[in-house]
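Everything below concerns the one structure shown next.
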Amino acid sequence: MKKDVIFTVPSYFRDDMNIMGYRFGKGEKSCAVLGALRGNEIQQLYVCARLVAFLREVERDGGIMPGKSVLVVPTAIGLSMNAGTRLWAPENTDINRCFPGDMEGATTEQIAGALFDKLKAYKYGVQLTSFYQPGAFVPHVRMMETGRQNPELGCEFGLPYVYVRTPRISDKTTLNYCWQLAGTQAYSLYAGKTQEIDEAAADQTLRAIIRFLNGRGIIRSEQTPGQKSAVITNEDIITVTSKHAGLLRRVKHAGAHVRRGEQLAFVINPLDGSVKEMLKTPVTGMLFFIQDGPFVTEHSPVFQVLSK
Amino acid sequence: MNRESCISLFESEGFDLPVLKEIAAVASVMMPIGENWTVSRCRYSPEGETKGRLCIATGIHGDERMGQLVAYEVAQRIMREPEHLQGIVDLYPMLNAIGLDVGQRMVPTSTMLDMNRVFPGNPDGTALESICHAVLEDMKGADLVLDIHTSSQITSELYGVRLHERHAEEMIPGCAALCPRVMWVLPDKPVHSASLTGALSMAGTKAVVLMVDERRLRVQTVVCEVVDGIFCKMKEMGLWSGETKAAPAQESIPCMWEATDICRVTCRHPGVYVPRELNGTVVREGDVLGTIIDALEGETLETVVAPESGLVFTERRYSAVYPGTLIARLCRKERA
């Protein structure tokens, strides 16, 4: 294992922030794995830390295939993680909206630029990412529809779903989008929760990455069989939205199979406890995403139901 | 403050011509505990025929409050001389009302998103997306939309117009009437299309950003400059028949079209930046713009100088900086 400083952000008030990369093997730049780009992506950091520990053992046992190499970057935003802020605190900006970056630009653009310069050289790319809303997803592989996406290859992670999403305007400055345009087969993995460690989802995500690395001939290690993946798109997802605001009491959880008309949650008056709304699923399917914040506003997308 | 939608007629002393004043909720979303997030619009319109429509929006970033005073002054001038109003003026002073209340740039809900990156929104989307969609729909079709932004906590901006490349060529001549100190054409980037003015431009409605400097202590002076410009533009559009200042010649306002028209000055050291407060002045090559200090050791880490001459139109405020932090933007078209 080689430990590299990919980029340093010198700080006046605090210690300098070093973005660390952990390299395994030599030769072709085969696969890069990136963890936290936001200060609250704890689960993403955790999965990367466990991946580094795993690959260290694989390398020790001669399991990195000759001529192949893997790079793992657990976090690019350590200063914000320590300070407990989701965005890059000094400028309140999201690094995952700064790609492909600019080495002459603001600090976040420099971070994105330095990272992208390293990452784009890799054949395959895996980003452990989070959703902008607090909540939990069924672990899945996701990619933007750029014309260069390869969902069939995404099935090699062995997760139940590979989600090809139509990008919105603001998505065009994300890592996944820019990574694909730069020629890397890029995938985003949603590893359950974000701000806290979810051991089961972390295990599942770690096993998926190991399966992919084995499948692509980059490492040779013990692995568990994956699931047959279904490729899904925006059209397969139905969003259940609250019509009222209040406290949210969930009845169902991510991954649950639900039948049309089944109760999913209650929106409760936060002062007198009366039920303002009962959320029901309009279709039979599986709960792909649930919002897990305590409050909902009017128009909150609380559940995503996969109807396929 | 809970406001009821209302329509009222008022007459200025000595004049018989009434102006219609109408407050309406453009969008509203229930918050969890006894509150609605409402985007309100106040419309001023003359009785009878109108000669066009101007929308003035502000407060999309909660840490930019100068727009409140601009909107207030525009309303005051209309009410003082209502007989001169020839068209519709729509004021949207509090787009991100919750952010303005707590002084937070982003929308302070659980998602903490930048409202100016969510347009064109979505009627079936999240609370924020549905609000953005409703705001955009309400503004569409106006003859011009002005989105007022102000200097942030970390930078100070000279009064200027920022417009999108898409409609720049046809809009620049008309923007001179706003009497800005500079005009800056933003390149067509995806991120700009998700802003209010970007989404309006995509939808075919002319829209520009007005950057207002709130660095100076006498805010009334700054606001007066901006409001004078707005009324000058209204006169040019035929919406106002009263006296205004004369519109400057387009050639007298430096217009930055290309990246090469701008000199970006950055710093090399982390520390605390102490500006000399030169915004709006023309500096010469070698002039000191500010210093970066180390309070712990009592030393000056760096003296930041202008690498060439130009008009300072963006200036970093007294704040923490990192290597590469933008200290100033100089307009190369205005040399010493």
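Labels below follow one simple rule: chain letters A, B, ... track the order of the sequence lines, proteins then strands, and each chain is numbered from 1. In this text the structure is predicted, and so the values were computed from the model without any measurement.
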Among the listed options A/P270, A/P10, A/S242, A/G293, the residue most often paired with chain B at heavy-atom distances under 4.5 Å: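 Ranked by contacts with chain B, first place is A/P10.
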
Just give me the residue among A/G105, A/S300, A/A106 that pairs up with chain B most often, heavy atom to heavy atom, under 4.5 Å. A/G105

With a 4.5 Å heavy-atom cut-off (strictly below), which parts of residues 30-39 of chain B touch chain A? List them by number. B/M30, B/M31, B/P32, B/I33

Neighbours of chain A found in residues 318-326 of chain B - heavy atoms under 4.5 Å: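 Those residues of residues 318-326 of chain B which have a heavy atom under 4.5 Å from chain A are B/A320, B/Y322, B/P323, B/G324, B/T325.
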
Side chain to side chain contact (heavy atoms under 4.5 Å, CB included) between B/T126 and A/H299, intermediate numbers included: CA-CA 5 Å; B/T126 61; A/H299 293 299; 5.8 Å; no

So how far is it from [X] [atom1] to [Y] [atom2], rounded to the nearest 0.5 Å?
{"X": "A/R168", "Y": "B/R117", "atom1": "CZ", "atom2": "CZ", "result": "14.0 Å"}
{"X": "B/I293", "Y": "A/Y12", "atom1": "CD1", "atom2": "OH", "result": "6.0 Å"}
{"X": "B/S28", "Y": "A/E298", "atom1": "OG", "atom2": "CD", "result": "6.5 Å"}

Which bit of [X] is near chain B, if near means a heavy-atom gap under 4.5 Å: side chain, backbone, both or neither?
{"X": "A/F131", "result": "neither"}
{"X": "A/T107", "result": "side chain"}
{"X": "A/L87", "result": "side chain"}

Less than 4.5 Å to any heavy atom of chain A: does that hold for the side chain of [X], its backbone, both, or neither?
{"X": "B/D294", "answer": "both"}
{"X": "B/L113", "answer": "side chain"}
{"X": "B/A295", "answer": "both"}

Take atom [atom1] of [X] as the centre, draw a 6.0 Å sphere, and report whether it contains more than 12 heavy atoms from other residues, nucleotides or ligands.
{"X": "A/K276", "atom1": "NZ", "answer": "yes"}
{"X": "A/R249", "atom1": "CZ", "answer": "no"}
{"X": "A/E235", "atom1": "CD", "answer": "no"}
{"X": "A/N234", "atom1": "CG", "answer": "yes"}

Hey, are the side chains of A/R86 and B/M106 touching, using non-hydrogen atoms and a 4.5 Å cut-off?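 When only atoms from C-beta onward are counted, B/M106 and A/R86 do not touch, as no gap falls below 4.5 Å.
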
So which of B/L128, B/V272, B/T266 has the biggest tally of heavy-atom pairs under 4.5 Å with chain A? B/V272

